[in-house]
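Structure first, then comments.
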Amino acid sequence: MAKKKPSKTIHKKNEIIRGIDDYSLAARRAMNAVYYAVQRNDLYRHNQFRIKMTTMRELMLLEKDNRYVDIIKEAILELRKTIELNNYYHPIHETKYQWYVTSFLNDAGVKKEGDEWIITLSVSPLILHQMQVQGNFTKLDLLKYTQKLRTRHAFKMYEYLRSFKAYRYIEITHDHLVKLLNIKEGTQAYKYYSTLWLVLNRTINELKKKTDLDTLELVKSKHLGKERIYR
């Protein structure tokens with residue numbers, strides 16, 4: 001019998017989960033892998049820290065993918081892109097912003113030490129501060145649920161819905177869903193509202209099959225331009 005892998009969990013601030021970004025599935029997995037390394041090893045006060053390439057490969061579920069080196073590199077490059085945080089209280093500035101833009105990583109590099117490849121990372125100070133387990137956060141099980149999702153839409157929506165765990169339902173506007181899932185409305189694929197509805201249905205079905213959100217129900221709200229998701 002195969003040995004069962006231990007659970008690996010992270011605690012992610014709701015402000016980050018609900019932020020707007022255009023990260024790919026691999027970049028989202030990489031972000032959570034960095035979260036796990038920082039929180040498990042209490043690295044909040046370190047400007048730079050190191051992760052073994054083999055550890056990153058395991059946490060991103062790439063152990064069966066021979067392209068893992070390129071996938072990890074591209075994911076890390078993406079994490080230098082911006083995250084938009086809305087109605088955000090900056091804990092360092094002690095200021096409330098209508099919107100605030102930051103990036104996850106400042107810089108990164110890879111080098112070989114003996115027989116081991118090492119990734120050196122520098123997380124932005126604000127994100128590193130937000131990784132500390134205090135305030136409003138959501139606990140996520142990486143290997144059981146989050147990292148196993150196969151589409152970036154399902155990954156983003158899973159974390160988003162989990163951040164509203166105490167709510168019986170949430171109501172989301174059409175415009176906010178388009179931004180949250182980074183759907184380019186101008187493209188032919190998502191030109192019409194009915195197509196967005198199909199994307200949402202596929203996403204909800206994936207979450208019901210693969211996660212602990214197995215009772216989700218997506219309905220059109222009586223308010224124009226909104227969807228309501230029941231838990």
Side-chain angles (χ1 to χ4, degrees), residues 7-25 27-29 31-32 34-36 39 82-91 96-102 104 126-127 129-183 193 196-231:
S7 176
K8 287 181 168 56
T9 59
I10 62 172
H11 297 78
K12 202 168 184 179
K13 275 292 185 65
N14 290 344
E15 293 94 331
I16 304 300
I17 288 175
R18 298 171 190 171
I20 305 299
D21 61 70
D22 64 350
Y23 295 149
S24 67
L25 178 64
R28 297 187 192 285
R29 288 176 173 173
M31 177 192 286
N32 283 354
V34 174
Y35 257 90
Y36 180 76
Q39 293 181 342
T82 58
I83 305 173
E84 178 186 330
L85 309 174
N86 295 292
N87 298 315
Y88 179 67
Y89 178 78
H90 198 298
K96 180 72 173 287
Y97 293 94
Q98 184 177 1
W99 57 267
Y100 192 87
V101 175
T102 186
F104 187 79
L126 175 60
I127 296 294
H129 187 280
Q130 293 284 56
M131 284 184 177
Q132 299 181 63
V133 184
Q134 56 187 2
N136 296 317
F137 61 81
T138 297
K139 184 178 180 181
L140 299 167
D141 190 317
L142 301 190
L143 300 187
K144 191 173 183 180
Y145 299 120
T146 312
Q147 306 289 68
K148 288 188 175 181
L149 294 169
R150 305 304 299 176
T151 67
R152 64 184 181 89
H153 292 149
F155 197 113
K156 179 67 175 182
M157 187 58 76
Y158 175 74
E159 293 193 351
Y160 185 80
L161 293 176
R162 285 280 292 154
S163 76
F164 290 98
K165 185 178 180 181
Y167 291 67
R168 186 173 72 87
Y169 68 85
I170 61 172
E171 203 167 64
I172 313 176
T173 67
H174 170 88
D175 290 343
H176 187 65
L177 272 171
V178 168
K179 286 186 68 178
L180 186 71
L181 299 179
N182 191 37
I183 292 174
Y193 180 81
L196 173 62
W197 184 257
L198 290 174
V199 171
L200 287 175
N201 268 308
R202 285 199 299 265
T203 299
I204 294 299
N205 287 335
E206 182 176 355
L207 295 182
K208 289 170 70 173
K209 291 177 182 178
K210 297 180 180 179
T211 75
D212 51 344
L213 301 179
D214 53 4
T215 60
L216 291 177
E217 182 184 358
L218 174 66
V219 299
K220 288 185 172 72
S221 172
K222 58 185 176 182
H223 301 295
L224 185 65
K226 291 186 179 181
E227 277 65 53
R228 183 174 285 185
I229 301 176
Y230 287 87
R231 299 201 43 169

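In this chain, residues are counted from 1 in sequence order.
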Residue that, paired with D212, satisfies salt bridge (Lys or Arg N to Asp or Glu O under 4.0 Å) out of K139, K144, R162, K165: R162
Spatial distance of atom NZ (K8) from atom CG (L140) [nearest 0.5 Å]: 15.5 Å
From CG (L143) to CG (N32), nearest 0.5 Å: 10.5 Å
Worked verdict on L200 versus L181 for side chain to side chain contact (heavy atoms under 4.5 Å, CB included): CA-CA 10 Å; L200 287 175; L181 299 179; 3.8 Å; yes
Test item: I16 and L85 side chains (from C-beta on) under 4.5 Å apart, heavy atoms: yes
Between CG on residue D22 and OG1 on residue T82, distance to nearest 0.5 Å: 7.0 Å
Q147 side chain vs L142 backbone, donor-acceptor pair below 3.5 Å: no
Donor-acceptor under 3.5 Å (E206 side chain, R150 main chain): yes
Aromatic plane relationship, F137 with H11 - under 30° parallel, 30 to 60° tilted, over 60° perpendicular: perpendicular
Check: R28 side chain, Y23 main-chain N or O, donor-acceptor pair, under 3.5 Å: yes
Flag side-chain contact, heavy atom, 4.5 Å: Y160 against I170: yes
Nearest-0.5 Å distance, CH2 of residue W99 to CD1 of residue I20: 13.5 Å
L126/Y88 under side chain to side chain contact (heavy atoms under 4.5 Å, CB included): CA gap, chis, key distance, verdict: CA-CA 12 Å; L126 175 60; Y88 179 67; 3.2 Å; yes
K12: which of M31, Q130, Q39 passes side-chain contact (heavy atoms from CB on, under 4.5 Å): M31
Nearest non-hydrogen partners of K96 and Y89, listed with the distance: CD-N, 3.9 Å
Contact summary for A154 and T203, nearest pair of heavy atoms: CA-CG2, 3.6 Å
Distance-only polar pair, side chains of S7 and D141, donor-acceptor under 3.5 Å: yes
Spacing of Q98 atom CD and N86 atom CG [to the nearest 0.5 Å]: 8.0 Å
Minimum heavy-atom distance between M157 and L207, given as atom pair plus value: CG-CD1, 3.9 Å
Closest approach of N14 to S163 (non-hydrogen atoms, all atoms of both residues): OD1-CB, 3.5 Å
Enclosure of Y230 OH (heavy-atom neighbours >12, cutoff 6.0 Å): yes
Residue pair W197 / V219: nearest heavy atoms and the distance that separates them: CH2-C, 3.7 Å
Nearest non-hydrogen partners of E159 and T146, listed with the distance: OE2-CG2, 3.5 Å
H90 and Y100 aromatic ring geometry - parallel, tilted or perpendicular at 30°/60° bounds: perpendicular
K179 side chain near D175 side chain, heavy-atom distance below 4.5 Å: no
Residue pair M131 / V34, side-chain heavy-atom distance below 4.5 Å: yes
Close side-chain approach of Y158 to K148, heavy-atom, < 4.5 Å: no
N136, CG atom: more than 12 neighbouring heavy atoms under 6.0 Å: no
Side-chain donor or acceptor of K156 paired with backbone N/O of I17 under 3.5 Å: yes
E171: salt bridge (charged side-chain N to carboxylate O under 4.0 Å, His left out) partners, not counting sequence neighbours: K226, R228
Crowding at OH, Y97 (>12 non-hydrogen neighbours, <6.0 Å): yes
Straight-line distance of R202 CZ to L218 CG, nearest 0.5 Å: 12.5 Å
